[in-house]
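A quick note: this is a predicted structure, and the numbers were derived from the prediction, not measured. Chain identifiers are assigned alphabetically (A, B, ...) following the order of the sequence lines, protein sequences preceding nucleic acid strands; residue numbering begins at 1 within each chain. Keep in mind that the numbers below use all heavy atoms, side chains included, and drop hydrogens, waters and symmetry copies.
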There are 2 protein chains.
Amino acid sequence: MSQQKVISLENIRVACRNCSLSSLCLPMGLAPDDVERLDEIVKRTRPLHRGDFLFREADRFRSLYVVKTGSVKTFAPSPEGGEQVLGFHLPGEVIGLDAIDKDMHACSAKVLETSAICEVPFTRLEELTATIPSLQHQMYRLLSKEIGHDTDMLLLLGKKNAEERLAAFLLSLSKRLHKRGLSATDFYLSMSRHEIGNYLGLAVETVSRLFTRFQDDGLMHVDRKHIQLLDVGSLESLVGGAGQNRRQQQQQS
Amino acid sequence: MSQQKVISLENIRVACRNCSLSSLCLPMGLAPDDVERLDEIVKRTRPLHRGDFLFREADRFRSLYVVKTGSVKTFAPSPEGGEQVLGFHLPGEVIGLDAIDKDMHACSAKVLETSAICEVPFTRLEELTATIPSLQHQMYRLLSKEIGHDTDMLLLLGKKNAEERLAAFLLSLSKRLHKRGLSATDFYLSMSRHEIGNYLGLAVETVSRLFTRFQDDGLMHVDRKHIQLLDVGSLESLVGGAGQNRRQQQQQS
DNA sequence: ATCTTCGCTTGATCCAGATCAACCGACGGT
DNA sequence: ACCGTCGGTTGATCTGGATCAAGCGAAGAT
């Protein structure tokens, strides 16, 4: 390049204490001094681009990763050669927690759009959590929250029909974006219809048809990746269940 | 009762250090002194019976529970009034991890057969993990393993057909029982067909038909709750995927 | 010992959503 | 500006497993 126009990396290396995500992320509820100590072990890498991997399945586990800006998908290979999308991760969300057990990543993480990522070496983090009770508690909560989220997905995949799944997906995105200060009703999807379908256990065609139907019903407006939710209340009642009275899955004692 | 034949509770209060499960359970990899400290906070309750609850959804979170003998199912209510079975828990398995985040149980836990359960007050455990690095690590691993297990279930519910699901379920039970020193090929189911179906996202009728089919195909022998696996290899190849060439779930880049 | 209940099995039918097929329009490359 | 690729949409058809229906045997209740 002819012109020496290097942008100082310092500009993107926002310390945790100045990060707008600190209330969602690891530092949540930490004393300023402790945030400082956490700050010291966090590595801030240059921005990653669409298609870049944070890690791949079977990689040695070294660090947790936190999305600072952008979005990431995680996915696991299924035995037949296909793959299962496990999640879409927005700013403030932590990735890699499933790798602690076997000290190896069981899934891959791929960046969906240009993203900034914080890397947190796990061994250092573990040392830190042993001396900062509130950080230890935060870690337990984080891991527990992930389990709770997976539980929600199990219920979704086990009991909900296509309509309910897509509505739940849209509302989940909406809520999470809103928490991050973005619009809850107007946003862009960084993932393809394929990926949405894969994530929800549906065929692409079904996802596409549902987008069309939801739009026809006035629930939302769709233009390619651009989504506008027009009737959040109705979407919520769709998820709620009674969508179309499928037989109640009863349970014996 | 006429005869004073009270069995001393001490007999069932096996300390962690003498428990056959210590290599699967929380004490895994701990130094004897640390096992001792863990032992001190564990409460051992009288045996629970079929139908008893360890906790219910929305209960305040106080303790983790570990199955010592018997089995437990966990399940979450689905909005429509039905429920989703989240898991069946065998000796050595820890229950309640999903409640840490919100300090409240999001699911219920019900005993499937007469069972002995260890209760571990979480606050005390947290104090302990802060001073015993290997216990802290064990806790992280435990939580992480749970996430990994949920991930497996997501793949199962998202990508596998009925046959693959049931085969995977049987093999999972088999493997876990074997780890606990029991037969991998001859065991009793403590849960009903209903519960199996609910867990796997299938109708009871489908589960029943598959049991019959597997038996007709010589893969197993079924007599009510009594299961004998006759051809583990074939069951494994069923799970492996190519079961019946359903279209490979491909993925775009 | 008899009744009742309930879990389970088996058969018949139905349907949500997968699969197959065709087309279209956006976008990146040359 | 043109082309080729690919993600997305829409229509037609197929099917795995749900739903509906009926009967059966084991275990608990009286």
Salt bridge between B:Arg176 and B:Glu93, side-chain N to carboxylate O under 4.0 Å? yes

Are A:Glu195 and A:Lys110 close enough for a salt bridge, meaning some N to O gap below 4.0 Å? no

What nucleotide, of [options], holds the atom closest to the side chain of [X]?
X: A:Asn161; options: C:dG17, C:dC20, D:dA21; result: C:dG17
X: A:Thr212; options: D:dT9, D:dA21, C:dC20; result: D:dT9
X: B:Arg224; options: C:dT10, D:dT10, D:dA26; result: D:dA26

Protein-nucleotide distance ([X], atom [atom1]; [N], atom [atom2]), rounded to Å:
X: B:Gln215; N: C:dT10; atom1: CD; atom2: C1'; result: 14 Å
X: B:Leu166; N: C:dT9; atom1: CG; atom2: P; result: 11 Å
X: A:Asn198; N: D:dG7; atom1: CG; atom2: C1'; result: 15 Å
X: A:Lys159; N: D:dA18; atom1: NZ; atom2: P; result: 10 Å
X: B:Glu195; N: C:dC8; atom1: CD; atom2: C1'; result: 14 Å
X: A:His194; N: C:dA18; atom1: NE2; atom2: C1'; result: 13 Å
X: B:Met191; N: C:dC8; atom1: CE; atom2: C1'; result: 16 Å
X: B:Lys225; N: C:dT9; atom1: NZ; atom2: C1'; result: 14 Å

Does OP1 or OP2 of [N] have a side-chain N or O of [X] closer than 4.0 Å?
X: A:Ser208; N: D:dG7; result: no
X: A:Thr206; N: C:dA18; result: yes
X: A:Arg193; N: D:dT9; result: yes

Mark yes when over 12 heavy atoms from residues, nucleotides or ligands other than A:His178 sit less than 6.0 Å from its NE2; otherwise mark no. no

B:Ser183-B:Asp186 side chain donor-acceptor pair, cut-off 3.5 Å: no

Contacts of A:Arg165 and B:Arg209 projected onto DNA chain C by closest heavy atom; the upstream (5') one is B:Arg209

In terms of ring plane angle, is the pair A:Phe88 and A:Phe169 parallel, tilted or perpendicular, where the classes change at 30° and 60°? perpendicular

